[in-house]
Each structure stands twice: as structure tokens, then as C-alpha cells.
Amino acid sequence: NGIPVAIVGEPNVGKSTLLNALLNEERAIVSEIAGTTRDTIEDEISIGGIGFRFIDTAGIRETEDVVESIGIKRTFEKISQAQVVLYLFDASRLYGPEQSDRHPELVSGSREDSTPTLEQVKFEIEKIRNQFPQKPLVILANKVDQLSPEQIQNLRSQISDLHTISSKSGEGVEDLQQKLLQFV
Ligand code: GDP
Ligand code: MG
């Protein structure tokens with residue numbers, strides 16, 4: 001059995017897309033509608049001869065939705081069981097109003113529409129660090145294909161040891177795989 005790696009983060013940040021990029025196949029269900037991944041999906045891949053078991057989870061978030069809360073509880077269980085945690089956030093939402101790839105239902109009014117601030121992202125990271133102090137944690141800024149080089153630079157200066165990736169274009173995914181080998 002491979003080394004368990006949990007992929008966690010808010011709904012719609014690109015966890016399932018990252019899983020697909022890592023697995024190089026359309027395994028997880030990717031959707032523009034937040035909350036699509038309500039259960040967990042797991043798959044194995046060999047990187048540099050080492051087996052990894054990636055676990056795609058529902059988002060970590062306070063919620064009223066019963067089905068989603070079960071998913072969130074499961075997220076914490078999966079973190080407990082994981083050897084490495086990948087925390088993913090949507091970097092494109094931190095900059096400007098341009099959210100062209102988002103689903104129309106999410107653009108106005110819905111609870112998914114509140115754009116997170118960098119402080120909120122840092123708070124989430126601290127929450128995981130406090131809850132799981134011993135667990136290796138990789139912080140991933142996803143969707144950087146939507147950012148200018150200046151914005152990427154700015155982001156890197158504000159979160160230490162940040163990995164910038166685009167699960168969609170594959171940018172940074174190989175670097176991430178190399179990073180994972182360091183935890184073996
Ligand atoms: P999850 O809820 O965290 O699993 O998010 P999904 O993987 O389902 O992705 C949510 C939406 O973000 C989909 O429309 C994806 O196509 C889009 N997305 C994911 N990764 C990227 C990325 O790197 N760049 C861009 N532009 N869009 C992305
Ligand atoms: Mg998903």
C-alpha cells in the first residue's frame with residue numbers, strides 16, 4: 001500500500017483537478033459547482049518508484065449541510081490517517097474580480113461567493129498546523145495560470161514555503177511530485 005497523502009481545502013479550489021493531474025487520468029469528478037466531492041476518492045500512483053495513495057476529500061468548512069458535514073468529518077479522519085497533507089487554496093480568488101471560469105450560479109448571491117482573503121487562508125493553514133502539529137504539510141496556491149508573474153511573486157513573499165501550481169495546465173505538478181519524494 002502506498003504512502004497516504006491527503007488533499008484538503010475549501011470546495012472548488014481544485015482538489016479533484018489536482019488529483020487528476022497527479023494521477024494523469026480523469027479519476028475524480030471535477031465540477032464547477034462547489035461541494036461536488038462529497039465523499040472521498042482515493043487512488044494510487046508510483047512516483048520515482050515510490051507508491052503514493054492520494055486521497056481527495058470534501059472541503060474543510062463550517063457548514064449547515066448534513067451531507068457536507070459528514071464529508072468534513074471524514075476530511076479530518078483522512079488527515080489523521082495521512083502521512084503528508086496537501087493544503088490547496090484558490091490563488092485566483094485572492095486577486096481582483098476576474099473569476100471568469102466560475103459557474104454562473106456561484107457568481108452572485110450564493111454562500112460560495114465570498115472571496116477569501118489571504119488572512120483567512122493563513123488562518124486555515126494555522127488551524128491544520130494546530131490540529132496536526134507533527135504532520136508534514138505542503139501549502140499549494142492553485143490556479144496560478146490566472147495570476148500575473150507579479151501577483152505570483154507577491155503571494156510567494158507572503159506565505160513562506162509556498163508552492164504555486166496550476167492543476168489545470170499542469171504547471172508545478174512535477175515539482176510537487178519531487179517534493180513528495182522528500183517525505184519518504
Ligand atoms: P474541488 O472542489 O476542490 O475538488 O475543485 P475541482 O477540482 O472540482 O475544481 C473546481 C473548478 O476549478 C473547476 O471548474 C476546475 O476546472 C477549476 N480549476 C481547478 N484547477 C484549476 C487551475 O489550476 N486553474 C484554473 N484556471 N482552474 C482550475
Ligand atoms: Mg472535488
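Just follow the structure's listing: the first ligand is 1, and inside any ligand the first atom is 1. Counting begins at 1 with the first residue of the sequence. Keep in mind that the numbers below use all heavy atoms, side chains included, and drop hydrogens, waters and symmetry copies.
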> Applying a 4.0 Å heavy-atom criterion (strictly less than), which segment of Asn142 is in contact with ligand 1: side chain, backbone, both, or neither?
Replying inline: side chain
>> Tell me if the CZ atom of Phe183 is crowded by more than 12 foreign heavy atoms within 6.0 Å.
In response: yes
> Can you find an N/O atom of Gly14 closer than 3.5 Å to an N/O atom of ligand 1?
Replying inline: yes
>> Out of Asn12, Asn20, Val13, who is nearest to atom 11 (C) of ligand 1 when you count heavy atoms only?
In response: Asn12
> Which atom names give the shortest non-hydrogen contact between Ser92 and Leu147, and what distance separates them?
Replying inline: CA-CD1, 3.5 Å
> Do you know which two heavy atoms are closest between Lys78 and Ile55, and how far apart they sit?
Replying inline: CD-CG2, 3.5 Å
> Which ligand 1 atoms does Lys15 reach within 4.0 Å, using its non-hydrogen atoms?
Replying inline: 1 (P), 2 (O), 3 (O), 4 (O), 5 (O), 7 (O)
> With no hydrogens and no angle check, do the side chains of Gln158 and Asn154 hold a donor and an acceptor under 3.5 Å apart?
Replying inline: yes
> Do the side-chain N and O atoms of Asp145 and Ser169 include a donor-acceptor pair separated by under 3.5 angstrom?
Replying inline: no
>> Could you tell me, atom by atom, which parts of ligand 1 come under 4.0 Å of a heavy atom of Gln146?
In response: 26 (N)
> Does the shortest distance from the Mg ion (ligand 2) to an N/O/S atom of Asn12 fall below 2.8 Å?
Replying inline: no
